[in-house]
Amino acid sequence: MAPSPEQNPLADAPEPVEGVEETAGFRVSLTNFDGPFDLLLNLISKHEMDITEVSLSAVTNDFIAYLSHLDDDEELDQASEFLVVAATLLDMKVAGLLPQGELVDAEAVALLEARDLLFARLLQYRAFKEVSAWFARCLQREDRRHVRAVRLDEKHRRQTPELVWTLTVDDFAALALLAFAPKEIPHVGLDHLHAPLISIREQAAIVVTLLRSTESVSFRELVAGVTEPGIVVARFISVLELYRHAALSFEQLEPLGELTLRWAADTWSDETLATLGADYDR
Amino acid sequence: MTDDSSSSSVIEEAVRDTPLSERVEAILLIVDEPIGLVALAAAVGSPVPAVRQTLETLVDDYDGRGHGPRRGFELREVGGGWRLYVRENHDDLVAEFIGGQAPARLSQAALETLAVIAYKQPVTRSQVASIRAVNVDSVVRTLLARGLITELFADSETGAINYGTSDALLQHLGINSLDELPPISPLLDDGADGFDEGTIR
Amino acid sequence: MTDDSSSSSVIEEAVRDTPLSERVEAILLIVDEPIGLVALAAAVGSPVPAVRQTLETLVDDYDGRGHGPRRGFELREVGGGWRLYVRENHDDLVAEFIGGQAPARLSQAALETLAVIAYKQPVTRSQVASIRAVNVDSVVRTLLARGLITELFADSETGAINYGTSDALLQHLGINSLDELPPISPLLDDGADGFDEGTIR
């Protein structure tokens, strides 16, 4: 029950504190299983917490750390038994550990239920995450295997049944679109949290069009009729960006006075426009 | 060799003329997907038990436990049927000979989604998403495109499509049936139920 | 099993570890077309005379003149190369098995691959694979066997075979020429550009 530290499967778990040796014994206590409560108490005592205050995520982390050190299927089997026991007990917690005799208000119950629900989901998710490693391993192993997949001999090929073809040419084109669609697997992005509402590039395109159509234009004219402050800002930024690219010149006769802009680019391509303001994308 | 022979007489003739093991081998040599025991028995015109016995003998035979030498190929039961494979220790040799590129690996997200679908099928996208806590649409599309999962049926009420794993997945995993998936807790079912109802049972 | 082994050491290791007959069988199991003696010897990393000797032994072996039973397949030298064939007296059995299969439908994977080839031809397998992001070898084989695509020519530098669609596909689609395929740009153009850079042309 006191393995050496390097055998400790929880070495990289957060806050290993003083319960390290006990929890390291998971492997042992699984083989001579004393009873489900031992396990749960182990987990709880490790975090020196009242059972109603058990940090569910900490317990889960321990459990996962334990799981990650299991290798073969048999141990995975044991681990799933452990999962049943641990999760069931935690499930019982709501009913069993609510303060007796006190007035239990519905909100507190709901809170506890929500927490257990969270925990159940966490365990569930982690279980799938764990088992996905098995999938990865099997897929990888089988990828290397070579099955006999040889084209039929010509003489046998002639005897193959007719092909059933149901696609119209438009179906076929739709299928092609699907096939050419990028297959990359997207990650969970945070872009939607600060999606740019106004594109500097779009505004720059407007600015460029306006500037190239006349001799000179004031900034006031450039934003005439625009009510949205964001767009005014975006147009101003695009003016600065265009100035940086030497695509325009401006003159201001007095501080805070009228800003007059002139198109100054000898060469200009839409490509420049496409990358304009890229610094502002993030 | 009788061109005008009827279907049944072809098989009868073969049954009369040649050992079952040869007929089984002939079919195994030309199949391009795992062939199930019953289909194989029908193809060679022999009873299922005899074919099963023959397959076992062939497995032993190819593995060098019969009369001849060990073979460079082996007979495996994968994805619900039997198929000839290059013996595993020659895979590197064959890979080098073929020189093909390794297929793209699945992302962790795809693997987890696949695991959820494998254990919880039939399951809808939104159910998978509730377990994985992210939108899984594009991952599901990837898995569909790879043929690892299939659309099983649409929910009669909501119209949501239920997904399940394909036989191809079993082949890619090198297992014969879903029973061979490593067991995970039966509690997972309860957890899902509790979750769907928004309560703990 | 050493992942980091260099090309030559894979062969060396195999040569050291396993009988030549097994290595020859491993290669023979996966070749589509008859493989010449020299190419086979190179693949298994053994001298030509030894490989020739092994082939002869295997022929005898499969024909039942070795230690084991006669096999349902045989090893024949055809057109200057060696390949496994169904033993001739089982041809009728095989014909019946193939003819008795349910009318074939193409899988989603096969259809998508076919679509890629239709719009990108001439195109090599590895180019298709990089667009589809999966290994397409077996699907291409199916399409070839179905006569929906044909081998157009081999790349002069790499030797990679370029594929195109057949007239049979046009007939299935009810069009007279490839020009009648509905345009699917600009997606296709984008894909094509990125894709040409990444591959051999």
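Quick note on labels: first sequence line is chain A, next is B, and so on, each numbered from 1.
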In sequence, state the C-alpha distance, the side-chain angles, and the governing distance for A/Leu139 and B/Leu111, and then conclude on side-chain contact (heavy atoms from CB on, under 4.5 Å).
CA-CA 10 Å; A/Leu139 291 171; B/Leu111 285 169; 3.7 Å; yes
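Taking each heavy atom of B/Ala110 and B/Leu143 in turn, the nearest pair found is O-CD1, 3.9 Å. Residues B/Glu112 and A/Ser132 share a closest heavy-atom pair of CG-OG, 3.7 Å. Contact record, A/Phe135 with B/Ala118: CZ-CB, 3.6 Å, taken as the closest heavy-atom pair.
Checking A/Thr168 against A/Asp171 by side-chain atom types alone, a donor-acceptor pair falls below 3.5 Å.
Relative ring orientation between A/Trp165 and A/Phe172 is described as tilted, the plane-to-plane angle lying within the 30° to 60° band.
With chain A as partner, the option from B/Ile175, B/Asp32, B/Val94 having the largest number of non-hydrogen pairs under 4.5 angstrom is B/Val94. Per-residue heavy-atom pair counts under 4.5 Å with chain A were compared for B/Leu114, B/Leu148, B/Leu29, B/Ile30, and the maximum is reached by B/Leu29.
In summary, B/Arg105 and A/Asp143 do not engage in a salt bridge, as defined by a charged side-chain N under 4.0 Å from a carboxylate O. Using a 4.0 Å cut-off between charged nitrogen and carboxylate oxygen, B/Arg70 and B/Asp63 do not count as a salt-bridge pair. Ionic pairing of B/Glu88 and B/Arg76 is not present here: no N-O contact between side-chain nitrogen and carboxylate oxygen is shorter than 4.0 angstrom. Ion pair A/Arg137/A/Glu142 not flagged as a salt bridge, since none of the NZ, NE, NH1 or NH2 atoms sits closer than 4.0 Å to an Asp/Glu carboxylate oxygen.
Among B/Arg87, B/His172, B/Gln171, B/Glu74, the one residue that satisfies the side chain to side chain contact (heavy atoms under 4.5 Å, CB included) test with A/Arg145 is B/Glu74.
Of all residues spanning residues 159-166 of chain B, none has a heavy atom less than 4.5 Å away from chain A's heavy atoms. Residues of residues 78-86 of chain B that come closer than 4.5 Å to chain A, counting heavy atoms only, are B/Arg83, B/Leu84, B/Tyr85, B/Val86, ordered by residue number.
Interface residue B/Leu181: backbone and side-chain heavy atoms are both found under 4.5 Å from chain A. Heavy atoms closer than 4.5 Å to chain A are found nowhere in B/Glu33, neither backbone nor side chain.
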